[in-house]
There are 2 protein chains.
Amino acid sequence: MRLRLYRTAVDLIRQRGYEGATLRDVAAAARVSPALLYRYFPNKRAVVLAFYDELSETFERRSASLEPGGRWRDRFAIALDLTLEVLGPHRVVLRALVPIMIGDPDEGVLAPETAFSRVRVMNVFERVVIEASDAPKGLAPALGRVLYLAHLGVILWWLLDRSPRQRATMALVALIRQMLPSAALALKLRSVRGFVQSADGLFREGLLGGATHRGS
Amino acid sequence: MRLRLYRTAVDLIRQRGYEGATLRDVAAAARVSPALLYRYFPNKRAVVLAFYDELSETFERRSASLEPGGRWRDRFAIALDLTLEVLGPHRVVLRALVPIMIGDPDEGVLAPETAFSRVRVMNVFERVVIEASDAPKGLAPALGRVLYLAHLGVILWWLLDRSPRQRATMALVALIRQMLPSAALALKLRSVRGFVQSADGLFREGLLGGATHRGS
């Protein structure tokens, strides 16, 4: 029942946008009483959190195929492809949720309330670097989190992309992949390593609100 | 009259958010009839566009003090500081408008409808590079637009920043400034120059919807 109500709600958000889809409409579409719906989803936020949960769980499960070993840059490219593969079928509803995901201080992808799903994905990106054969010493978790932030940027680009079939995003990902060897080389420089450390610290302080992070 | 109604509308968006502020409330707060208000602002979108127009005009006017000469990286740092200075007093209302600015396909900062204000600001960033004493040959306008995109990223970071008095944003700007000499050096490499050209092309194709750009 919960799954059926959830799918109906996500469907309605896709069709009408977040503001346009009311829980009352969801109940009507699912042919249940509002009271029953509220027992599973007391508000729209609960639907959004369930959606994050579903997507992050799928991403985590599928990234399990990423066994330890290999260069971090190749592993990052794989994780980035996997992200777009997992999110791909949901682009229309994600597009409708952009105002919430970015703008909402409670339901946004960086909000404390959504930490569970976020940490799940962030951990994958940390592992991408930590378990690489060329993990930079003393810098691996920080680099993983900076790559996580970069991956959020790519997702936002993809959602805003107006080119046919998001061709520009695919080209951007190819471009990033092409630049990664230079980035890996630059990491030999002390100044660039310091940049990654600082960027990670500021990301956690500024965008995650100074939340201490599990496993870091 | 127009200015008074505009200021009342922006005030109300600041207090109640974009969804929460209705034009009817604005008319009541300004003690005019809704009919009179609609003559100046037929909808909330008109208020948002006027807001972009005001901010971009102030930024353009104040950036006129940036006379030709000097290194592009110093000029970019000045333009970035100027951005935060101009937007600073409006942070609360801009925060309330994030869902619109990022998420709305019609009123967003990258939408065709807002091109007038956007091009005004983008032109300043193009001039930042073009009129620099060390403008990279054949790459100046493209680099200017990539810096414009980077500046949008900094603004978004600043709006989402949860640290006290946006300390993390100030530190990020300092960090960027510290990395710029390395970035300028990297521009000597053909691969990095190609990266800037490609990033600019994808930005225009993907995020600006392939709109041809004045003066490029």
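So you know, we letter chains A, B, ... as the sequences are listed, proteins then strands, and number each from 1.
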**Student:** Taking every non-hydrogen pair under 4.5 Å, which of A/Ala168, A/Ser182, A/Gly194, A/Gly201 racks up the most with chain B?
**Tutor:** A/Ala168
**Student:** How long is the straight-line distance from CD1 of A/Ile176 back to CZ of B/Phe195, given to the nearest 0.5 Å?
**Tutor:** 7.0 Å
**Student:** Side chains of A/Gln178 and B/Ser191: does their closest heavy-atom pair fall under 4.5 Å?
**Tutor:** no
**Student:** Hey, could you give me the CZ/OG distance between A/Arg204 and B/Ser163, rounded to the nearest 0.5 Å?
**Tutor:** 14.0 Å
**Student:** Based on non-hydrogen pairs under 4.5 Å, which of B/Pro164, B/Pro105, B/Gly108 is most in contact with chain A?
**Tutor:** B/Pro105
**Student:** So, taking the atom named CG in A/Leu110 and the one named CG in B/Asp161, what distance separates them when rounded to the nearest 0.5 Å?
**Tutor:** 11.0 Å
**Student:** So for B/Ala174, is it side chain, backbone, both, or neither that comes closer than 4.5 Å to the heavy atoms of chain A?
**Tutor:** neither
**Student:** Salt bridge check, A/Arg167 against B/Glu205: does any charged N sit closer than 4.0 Å to a carboxylate O?
**Tutor:** yes
**Student:** So which heavy atom on B/Gly103 is nearest to which on A/Val98, and how close?
**Tutor:** CA-CG1, 3.7 Å
**Student:** Of the backbone (N, CA, C, O) and the side chain (C-beta and beyond), which part of B/Trp158 lies under 4.5 Å from a heavy atom of chain A, both, or neither?
**Tutor:** neither
**Student:** Can you say whether B/Leu156 sits under 4.5 Å from chain A via the side chain, the backbone, both, or neither, judging by heavy atoms?
**Tutor:** side chain
**Student:** Could you check if a side-chain atom of B/Met170 sits within less than 4.5 angstrom of a side-chain atom of A/Leu202, using non-hydrogen atoms only?
**Tutor:** no
**Student:** At a heavy-atom distance under 4.5 Å, which candidate from A/Leu189, A/Ile102, A/Leu159, A/Leu172 has the highest pair count against chain B?
**Tutor:** A/Ile102
**Student:** Rounded to the nearest 0.5 Å, what separation is found between the CH2 atom of A/Trp157 and the CG atom of B/Leu149?
**Tutor:** 6.0 Å
**Student:** Could you tell me whether the side chain of B/Pro112 reaches within less than 4.5 Å of the side chain of A/Arg162, counting heavy atoms only?
**Tutor:** yes
**Student:** Please state whether the side chain, the backbone, both or neither of B/Gln166 comes within less than 4.5 Å of a heavy atom of chain A.
**Tutor:** neither
